[in-house]
Amino acid sequence: QVQLVESGGGLVQAGGSLRLSCAASGRFFSSSNMGWFRQAPGKEREFVAAIMWSGRNTYYADSVKGRFTISRDNAKNTVYLQMNSLKPEDTAIYYCAGDTDTSSLGVWIRIRENNNEYDYWGQGTQVTVSS
């Protein structure tokens, strides 16, 4: 079983930066595709970014493209989300999630934004961006 623990959230002014980390325990991390999602108050959880198990393929929601960068270090069992040029609308609880079932690029492209395809989740970390 894999457990995920997010950290790095906090309060930042608009235009600032934060780096979220998600540390995984368990032996499936290096073969898991990982994703970041977020949920703002009163809104549904939405996709932010995804990275394949190898780290060679990444994908972003249009709302964060060019500002956020997802990366992973399989030796450290950790996935990161570097967030720059933060906006008040980025305020949300950020969750990392793992998918252990998808190994092909073609399937990953189809399912990477779908939170129902992820098998395990962290508890979330709050990000608040003030204007």
Side-chain angles (χ1 to χ4, degrees):
Q1 186 169 350
V2 179
Q3 292 184 323
L4 302 176
V5 178
E6 300 98 333
S7 61
L11 174 64
V12 64
Q13 287 190 330
S17 298
L18 283 174
R19 188 195 197 202
L20 304 184
S21 299
C22 173
S25 63
R27 58 190 181 96
F28 295 109
F29 178 80
S30 61
S31 61
S32 296
N33 305 311
M34 301 299 294
W36 284 97
F37 292 77
R38 66 186 181 187
Q39 187 166 19
K43 294 187 176 181
E44 292 187 353
R45 189 172 297 186
E46 66 173 1
F47 168 78
V48 175
I51 186 167
M52 278 200 82
W53 60 271
S54 64
R56 289 198 292 266
N57 302 93
T58 59
Y59 180 70
Y60 300 91
D62 287 343
S63 59
V64 307
K65 200 173 296 182
R67 300 188 297 123
F68 290 11
T69 302
I70 188 172
S71 62
R72 67 190 295 160
D73 185 338
N74 285 347
K76 295 183 178 179
N77 277 13
T78 303
V79 62
Y80 305 97
L81 186 68
Q82 177 67 44
M83 305 186 297
N84 299 329
S85 302
L86 282 161
K87 305 175 181 179
E89 51 263 45
D90 294 318
T91 295
I93 300 175
Y94 283 71
Y95 299 90
C96 70
D99 158 34
T100 58
D101 297 329
T102 303
S103 58
S104 77
L105 177 61
V107 175
W108 179 73
I109 288 172
R110 290 206 316 270
I111 62 91
R112 57 197 173 188
E113 297 179 71
N114 186 346
N115 59 3
N116 292 322
E117 296 291 339
Y118 288 80
D119 307 303
Y120 49 95
W121 292 79
Q123 82 291 346
T125 185
Q126 176 71 48
V127 171
T128 303
V129 185
S130 63
S131 56

Task: Minimum heavy-atom distance A92-A40, with the two atoms named - done: CB-N, 3.8 Å

Open item on the list: Can a side-chain donor-acceptor contact be found between N33 and T102 if the only test is distance below 3.5 angstrom?
Closed with: no

- [ ] Grab the two heavy atoms, one from S31 and one from W53, that are nearest each other, plus how far apart they are.
- [x] C-CB, 3.6 Å

Open item on the list: Using the side-chain hydrogen bond (donor to acceptor under 3.5 Å, both in side chains) criterion, which residues pair with S17? Sequence neighbours excluded.
Closed with: N84

Open item on the list: Can you give me the closest heavy-atom contact between G122 and Y95, atom names plus distance?
Closed with: O-CD2, 3.6 Å

Open item on the list: Once side-chain hydrogen bond (donor to acceptor under 3.5 Å, both in side chains) is applied, do any residues pair with R67, and if so which ones, sequence neighbours excluded?
Closed with: D90

- [ ] With sequence neighbours excluded, give me every salt bridge (Lys or Arg N to Asp or Glu O under 4.0 Å) pair touching residues 97-106.
- [x] none

Task: Residues clustering with F29 (ILVMFWY side chains joined when closer than 4.5 Å, directly or via others) - done: V2, L4, V12, L18, L20, F28, M34, W36, V48, I51, Y60, V64, F68, I70, V79, L81, M83, L86, Y94, Y120, V127, V129

Open item on the list: Please give me the minimum heavy-atom distance between S32 and R72, naming the atom from each residue.
Closed with: O-NH1, 2.8 Å

Open item on the list: For the backbone of G124 and the side chain of E6, can you confirm whether one donor and one acceptor N or O come within less than 3.5 Å of each other?
Closed with: yes

Open item on the list: Other residues, nucleotides and ligands only: do more than 12 of their heavy atoms fall within 6.0 Å of NZ on K43?
Closed with: no

Open item on the list: Once you measure the plane-to-plane angle for F37 and F47, does it fall in the parallel (<30°), tilted (30-60°) or perpendicular (>60°) bin?
Closed with: perpendicular

Open item on the list: How close do G35 and Y118 get, counting heavy atoms only, and between which atoms?
Closed with: N-CE2, 3.7 Å

Open item on the list: Applying side-chain hydrogen bond (donor to acceptor under 3.5 Å, both in side chains), can you list everything that pairs with E113, at least two apart in sequence or on another chain?
Closed with: Y59

Task: Residues clustered with V107, ILVMFWY side-chain links under 4.5 angstrom - done: I111

Open item on the list: Is the positively charged end of R19 above the ring of Y80, judged by distance under 6.0 angstrom from the centroid and angle within 45° of the axis?
Closed with: yes

Open item on the list: Looking at every heavy atom in both S63 and R38, which two are closest together, and how far apart are they?
Closed with: OG-NH2, 3.6 Å

TODO: Could you grab the distance from atom OG of S131 to atom CD of Q13, nearest 0.5 Å is fine?
DONE: 9.5 Å

TODO: Check the surroundings of atom CD in Q3: do more than 12 heavy atoms from other residues, nucleotides or ligands lie under 6.0 Å from it?
DONE: no

